[in-house]
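Just below is one structure, and these are the notes that go with it.
As a basis for the values below, the full set of heavy atoms in this structure was taken, side chains included, without hydrogen atoms, waters or symmetry mates. Here is the naming used below: chain letters follow the sequence lines, and residue numbers restart at 1 for every chain. No experiment lies behind these values; they were computed from the predicted model shown.
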Amino acid sequence: MQVVPQGDWKRTHNCGELREGNVGAKVCLMGWVNRYRDHGGVIFIDLRDRYGLTQIVFDPSDYPDIFDIGDSLRNEYVIAIKGNVRNRPEGMANPKLPTGMIEVLVGEVKVLNVCKSLPIAVNEEGDEDERVRLRYRFLDLRRERMQKNLIFRSKMNKVVRDYFSGKDFLEIETPVLTKSTPEGARDFLVPSRLSKGSFYALPQSPQLFKQILMACCYDKYFQVVKAYRDEDLRADRQPEHTQIDLEMSFPDEEDIFSLIEELMKKMFKEGLDIDIEPPFRRMTYEEAMLKYGCDKPDLRYDLEVTDVTEVVRGSDFKVFEKVIASGGRIRGIRVPGGAAMTRKKIDDLITYSQKLGSTGLAWMKVNEEGLQSNIVKFFNKEKQQGFIREFGAQPGDLLTFVAGRAADICPILAAVRLEIARRMEMKPLEEFAFAWVTDFPLFEWDPTEKRWAPMHHIFSMPRDRDMKHLVDPDSDDYDPAKVYGRLYDLVLNGVELGSGSIRIHNTGLQQKVFDVIGIDEETAQERFGFLLEAFQYGAPPHGGIALGLDRLLAIMCGESSIREVIPFPKTSTGTCLMTGAPSTVDKAALREVGVKVNIPQEKQVDET
RNA sequence: GGAGUUGUGGUGUAGGGGUUAACACGCCGGCCUGUCAAGCCGGAGAUCGCGAGUUCAAAUCUCGUCAACUCCGCCA
């Protein structure tokens, strides 16, 4: 096949553009052969670019000299054609295509490039193993699904930038080569050639820089920015992900909430033409844990956890009494219509809960006469009435119970709750269920390390009313467990979309927080002295949030993995199947940065 | 670090001790002047992820290993 230069040919239209109004026009199109239909006498080709498909026709009765070229075209060849737009014959229009009323009769053709036989089809959505798609990502990205997702992503980026710019926010870039930031994750390290033995870290977020920008008077900052964390991957976690990062001076929580709610409203309206209705639901961390068992509840499903410890207390059911005696709780979920579940289905649910670590899952069916199950006999009439009252049970419901320490049963109840929604094929209350979860504890006790650990990041402002539990370690009120922060998470459909807080802007208070988690002044100076120093020169009160753009886009695109909205993602072992990254480097390159590889021989990657 | 699922022509699947390793799509060739998932005929293409073991015999059974995915740990 003869490949020829493009020469002075210019596209007059793209492949999604021509309509009946263009009939009679002489046009030049360029694109990929999406599919060819050779009828021996006449050849149809769907020419594709990212704007659409246009049917072009090779007809030997009109242009016999180029027919052989048309005959030799194959999928994904890149061609340029010149020809006349004409109406399709009566009854031959294709209503599935926007360009389906017309076709272009090819008068001249240039083959700009050929294509090898394809490992995966571009012109249809394959269901191949993801490793094949990632290996041939350059083909996968040509497909409609990925095009749609990436174009959507670009559009949303513009909405975000327009939105913040329109509100006087400044997009200010922060370094990628920086100092280790104090998030909890492992840093990616980059060796320094000029300072051998020293390393940059890739930022886990621009956290410290954006706080310093507040101290610098840039009172409204935002950035669409990559963040890097060297931790294990998941469907919703990549080693590099993109955040919509922002920070404001002099805000309170409501300022942040309404700012983000309006952004979400705009993105959903412009991206999906869906109206979402702020304000979003708000609940405290404690409420979320109690009612849903987790801090990122999926509120699409109308299922709540009910604590029935006080109803149970004093019953004849030894299993529950034992748990209560040791300080545990009895909590359960009412399953509307669940009484119709077969014994087998209930057993499956029990097995599921046990796999999660529960000791069991008790249950009772609710019918017109009352409660029915093998354990009802342990509860007197009054307690049975108590269950019906507390759960708000209706005949036809199933009541489930899990017993244990609150910290142990919360995650089980959270998972069982979602499993019930799935198995009962519950109809979502709404397609997109947003919520703000607020007032997280600032610290949690780490039993293995025997010390207080920060539950979120360490620059979050404690609530005013909790200061007394923090400021004076010698006072009777001192108790880090009772200190809650001005923290907030944005949750959508059970996914943590973002996290933020009102920050500490006062070095004295900041050191009090460091004291709790065992960071002395010297360590604090060494790790983020620059921030503390900046705060001594007139730092304003400030706060902000960072949203996970990949997660948001995945939900909006209806994808179950963020890899579907990232052009070149990594596999679960952090490798890129297309480029082969990460890879070994020359010894000379290592020497130059003063790094020596020291790993067990058998683990060394073969360089061939 | 742990658990689970998966791995068979280019792609997706079937086959579960002895088969000529089957089917669909794709690919190549031929026929065909109105298709649009075109149609019809023919053909090529697989040492069944890799390595050991059991067996007269392994794609098939066992063990190990690698890879992908999902989850736990981890990631505020």
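Between the side chain of Gln238(A) and the backbone N or O of Lys570(A) there is at least one donor-acceptor pair closer than 3.5 Å.
In this entry C36(B) has no Watson-Crick or G-U wobble partner, no candidate having both defining distances under 3.5 Å. In this structure G64(B) sits in a base pair with C50(B), meeting the Watson-Crick or G-U test at under 3.5 Å. When Watson-Crick and G-U wobble pairs are counted only if both distances are under 3.5 Å, C74(B) pairs with no nucleotide at all. Across all strands shown, A58(B) has no partner, as no Watson-Crick or G-U wobble contact with both distances under 3.5 Å is found. Under the Watson-Crick or G-U wobble criterion, with both distances below 3.5 Å, G43(B) is paired with C27(B). Using the Watson-Crick or G-U wobble rule with both distances under 3.5 Å, G4(B) pairs with C69(B). Shown here, A22(B) forms a base pair with U13(B); the pair counts as Watson-Crick or G-U wobble because both key distances fall under 3.5 Å.
Taking atom P on both A68(B) and G12(B), the two are 16 Å apart, rounded to the nearest angstrom. Using C1' as the reference atom, G15(B) and A59(B) are 9 Å apart when rounded to the nearest Å. For the P atoms, the distance from U62(B) to A46(B) is 28 Å, rounded to whole Å. Between C63(B) and U6(B), the distance separating the two P atoms is 15 Å to the nearest Å. The gap from the C1' atom of C50(B) to that of A67(B) amounts to 10 Å, rounded to the nearest Å. The same atom, P, is picked in C28(B) and in A22(B); the two are 23 Å apart, to the nearest Å. Taking atom P on both nucleotides, U11(B) is separated from C48(B) by 15 Å, rounded to a whole Å.
If you measure from atom CZ of Arg35(A) to atom P of C25(B), you get 13 Å, rounded to the nearest angstrom. The nearest whole Å value for the distance from the OH atom in Tyr63(A) to the C1' atom in U33(B) is 17 Å. Distance CD1 (Ile45(A)) to P (U33(B)): 17 Å, rounded to an integer number of Å. Across the protein-nucleic acid pair, Asn94(A) atom CG and A38(B) atom P stand 11 Å apart, rounded to whole Å. Atom CD in Glu76(A) sits roughly 15 Å away from atom C1' in G10(B) (whole-Å rounding). Atom pair Glu564(A):CD and C69(B):P shows a separation of 11 Å (rounding to whole Å applied). Taking atom CZ on Phe67(A) and atom P on C32(B), their separation rounds to 11 Å, with Å as the unit. Rounded to whole Å, atom C1' of U5(B) lies 12 Å from atom NZ of Lys355(A).
Salt-bridge annotation for Glu231(A) and Arg186(A): present, with a side-chain N of the basic residue lying under 4.0 Å from a carboxylate O of the acidic one. With salt bridges taken as basic N to acidic carboxylate O contacts below 4.0 Å, one links Arg143(A) and Glu128(A). Salt bridge status for Asp489(A) with Lys296(A): absent, with no side-chain N to carboxylate O gap under 4.0 Å. Remark: Asp439(A) engages Arg463(A) in a salt bridge, criterion side-chain N to carboxylate O under 4.0 Å. One finds no salt bridge joining Glu20(A) and Arg88(A) here, because no Lys/Arg side-chain nitrogen approaches an Asp/Glu carboxylate oxygen to under 4.0 Å.
Using a 4.0 Å heavy-atom distance criterion, Arg86(A) is classed as a base contact. Across all strands, Pro119(A) comes closer than 4.0 Å only to sugar-phosphate atoms, never to a base (heavy-atom distances). Among the protein residues, Ser460(A) comes within range of no part of the nucleic acid, since none of its heavy atoms lies under 4.0 Å from any strand. Contact annotation for Thr575(A): backbone-only contact, meaning every heavy-atom pair under 4.0 Å involves sugar-phosphate atoms and none involves a base. Glu103(A) comes within 4.0 angstrom of a base, heavy atoms only. Using a 4.0 Å heavy-atom distance criterion, Glu130(A) is classed as a sugar-phosphate-only contact. Among the protein residues, Arg563(A) comes within range of the sugar-phosphate backbone only, with heavy atoms under 4.0 Å from sugar or phosphate atoms but none that close to a base.
In terms of the ring pair (Phe, Tyr, Trp, His ring centres under 6.0 Å) criterion, Tyr200(A) has no residue partners (sequence neighbours excluded). Contacts of Phe440(A) classified as ring pair (Phe, Tyr, Trp, His ring centres under 6.0 Å), with partners at least two apart in sequence or in another chain: Tyr285(A), His456(A). Under the rule for a side chain to side chain donor-acceptor pair (under 3.5 Å), Tyr228(A) has no partner lying at least two apart in sequence or in another chain. In terms of the side chain to side chain donor-acceptor pair (under 3.5 Å) criterion, Glu108(A) has no residue partners (sequence neighbours excluded). Under the ring pair (Phe, Tyr, Trp, His ring centres under 6.0 Å) criterion, Phe514(A) pairs with Phe528(A), sequence neighbours left out. Take Tyr488(A) and apply the ring pair (Phe, Tyr, Trp, His ring centres under 6.0 Å) test, not counting sequence neighbours, and it matches Phe257(A).
Looking at Arg48(A) and Val122(A), their side chains come closer than 4.5 Å, going by heavy atoms from C-beta outward. Here the side chains of Pro582(A) and Thr575(A) are in contact, with some heavy-atom distance below 4.5 Å.
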Got a list of protein N/O to nucleotides 12-16 of chain B N/O distances below 3.5 Å?
residue : atom : partner   : partner atom : Å
G12(B)  : OP1  : Asp129(A) : N            : 2.8

What N/O pairs connect the protein and nucleotides 44-49 of chain B at under 3.5 Å? Give each pair on its own line.
none

For nucleotides 29-31 of chain B, give me every protein contact, N/O to N/O, under 3.5 Å, one pair per line with atom names.
residue : atom : partner  : partner atom : Å
G29(B)  : OP2  : Arg74(A) : NH2          : 3.3

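Phosphate contact (OP1/OP2 of C69(B), side-chain N/O of Ser561(A), threshold under 4.0 Å): absent. At the phosphate of A68(B), neither OP1 nor OP2 sits under 4.0 Å from any side-chain N or O atom of Arg131(A). For the pair Thr571(A) and A68(B), the criterion of a side-chain N or O lying under 4.0 Å from OP1 or OP2 is met. Note on Asn34(A): every side-chain N or O is 4.0 Å or more away from OP1 and OP2 of C36(B).
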- [ ] Going 5' to 3' through nucleotides 71-76 of chain B, assign each nucleotide B (protein heavy atom under 4.0 Å from a base atom), S (under 4.0 Å only from sugar-phosphate atoms) or - (no protein heavy atom that close).
- [x] SBBBBB
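Evaluation of His39(A) against the base of G34(B) yields no stacking contact (centre distance < 5.5 Å, interplanar angle < 30° required).
Between the side chain of Arg88(A) and the base of C36(B), at least one donor-acceptor pair of N or O atoms lies under 3.5 Å.
Summary of the strand contacts: Ala93(A) and Glu124(A) both lie near RNA chain B, and taking for each the nucleotide with the nearest heavy atom, the more 5' one is attributed to Glu124(A).
Tyr484(A) has its ring centre no less than 6.0 Å from the ring centre of His469(A).
For residues 557-566 of chain A, the pairs satisfying salt bridge (charged side-chain N to carboxylate O under 4.0 Å, His left out) are Glu130(A)-Arg563(A), Arg133(A)-Glu564(A), Arg145(A)-Glu559(A), Arg145(A)-Glu564(A), with sequence neighbours left out. Within the structure, no pair that satisfies the ring pair (Phe, Tyr, Trp, His ring centres under 6.0 Å) test touches residues 54-74 of chain A, not counting sequence neighbours.
Ring-plane geometry between His457(A) and Phe459(A) is classed as tilted, the angle between the planes lying from 30 to 60 degrees on a 0 to 90 degree scale.
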